[in-house]
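Data first, discussion second: the structure below is written as structure tokens.
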Amino acid sequence: MPQPYDDQNIFAKILRGEIPNDTVLETDHTLAFRDIQPQAPVHVLVVPKGAYVDHADFCANASDAEVLDFTRASAEVCRLTGVIGDGFRTITNSGDHGVQEVPHYHQHILGGRALGWMLAKE
Ligand code: DGP
């Protein structure tokens, strides 16, 4: 059973302008801003403005316009931050195993250095 959307989550507050952010790009349906705890020289969060809890919620319930806008915004963030040439990684965490901390769907874009293996080898 998917959890209900919590409009007090930190990204909802950022989207409402209640908390400042370092914006990289804003479009009709998407806001992209720098992560407060960057794990690489470039670490940007791409966030739909709509109230979607996680990847499954966004993919199932966002409109075509929102999905297209999000996808194009993500690509534009890569271009604006200059990571395309050397490469980058996109990550979406979901649920307990994915360790999603903020319950508003988002994509991480990481780059600016060699990022190593996708997952730590055990
Ligand atoms: P995740 O585990 O995928 O839900 O990652 C959430 C990310 O959100 C994490 O890298 C830290 C970032 N974050 C948390 N609070 C804030 C905030 O207030 N501002 C910004 N810019 N990023 C935040």
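Note that ligands are numbered from 1 as they come in the structure, with each ligand's atoms numbered from 1 the same way. Computed over heavy atoms, backbone and side chain alike; hydrogens, waters and symmetry mates excluded.
- In terms of polar-atom proximity, defined here as any N/O pair under 3.5 Å, E101 does make such a contact with ligand 1.
- Here the protein heavy atom with the shortest distance to atom 15 (N) of ligand 1 is I10 CG2, 3.9 Å.
- Taking distance alone, with nitrogen or oxygen atoms compared against 3.5 Å, I36 approaches ligand 1 more closely than that limit.
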Chi angles and distances behind the side-chain hydrogen bond (donor to acceptor under 3.5 Å, both in side chains) call for Q107, T92 = CA-CA 5 Å; Q107 178 188 67; T92 292; 4.9 Å; no
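- Ligand 1 has no N or O atom lying under 3.5 Å from any N or O atom of Q100, backbone or side chain.
- Residue H108 approaches ligand 1 through these ligand atoms, each under 4.0 Å from one of its heavy atoms: 1 (P), 3 (O), 5 (O), 7 (C), 10 (O).
- Checked by atom type and distance alone, the side chain of R34 never pairs as donor or acceptor with a backbone atom of V42 at under 3.5 Å.
- Residue-ligand proximity, N93 to ligand 1, at heavy-atom distances under 4.0 Å covers atoms 1 (P), 2 (O), 3 (O).
- Every atom of ligand 1 is numbered from 1 in the order shown, and the set under 4.0 Å from a heavy atom of Q37 is 11 (C).
- Under the 4.0 Å criterion applied to side-chain N and carboxylate O atoms, E66 and K49 are not assigned as salt-bridge partners.
- A donor-acceptor pair under 3.5 Å is formed between the side chain of D57 and the backbone N or O of V53.
- Cluster annotation: F58 is not connected to Y5 through the hydrophobic network of ILVMFWY side chains, with a link wherever side-chain heavy atoms come within less than 4.5 Å.
- Proximity of F11 to L45: side-chain heavy atoms (C-beta onward) are separated by under 4.5 Å at one or more points.
- Contact analysis leaves N21 out of contact with ligand 1, as no non-hydrogen atom separation drops below 4.0 angstrom.
- For the ligand labelled ligand 1, residue D22 lies outside the 4.0 Å heavy-atom shell.
- With ligand atoms numbered from 1 in the order given, ligand 1 contributes 1 (P), 3 (O), 4 (O), 5 (O), 6 (C) to contacts under 4.0 Å with heavy atoms of H106.
- A continuous path of hydrophobic side-chain contacts links V67 to Y52 [ILVMFWY only; heavy atoms under 4.5 Å].
- Under a 4.0 angstrom heavy-atom cut-off, Q39 registers as lying outside contact with ligand 1.
- Of the inter-residue distances, the one linking I14 atom CD1 with F33 atom CZ reads 4.0 Å to the nearest 0.5 angstrom.
- Between the side chain of H108 and the backbone N or O of R89 there is no donor-acceptor pair closer than 3.5 Å.
- For atom 8 (O) of ligand 1, the nearest non-hydrogen atom of the protein is F11 CZ, 3.4 Å.
- The proximity of Y105 to ligand 1, defined as any non-hydrogen pair under 4.0 Å, does not occur for either the backbone or the side chain.
- At the shortest separation from atom 21 (N) of ligand 1 among protein heavy atoms lies R34 O, 2.9 Å.
- Ligand 1 is never approached by K13 to a heavy-atom distance shorter than 4.0 Å.
- Atom CG of L68 is separated from atom OG1 of T30 by 9.5 Å, given to the nearest 0.5 angstrom.
- Looking at N9, its side chain does come within 3.5 Å of a backbone N or O of D6 through a donor-acceptor pair.
- For atom 7 (C) of ligand 1, the nearest non-hydrogen atom of the protein is D35 OD2, 3.5 Å.
- Numbered from 1 in the order shown, with element, the atoms of ligand 1 that lie under 4.0 Å from a heavy atom of V99 read 2 (O).
- Close contacts of ligand 1 with I14, meaning ligand atoms under 4.0 Å from a residue heavy atom, involve 19 (N).
- Of all the heavy atoms of V102, the ones lying under 4.0 Å from any atom of ligand 1 are found in both the backbone and the side chain.
- A distance of 10.5 Å separates CG in D54 from NE2 in H106, rounded to the nearest 0.5 Å.
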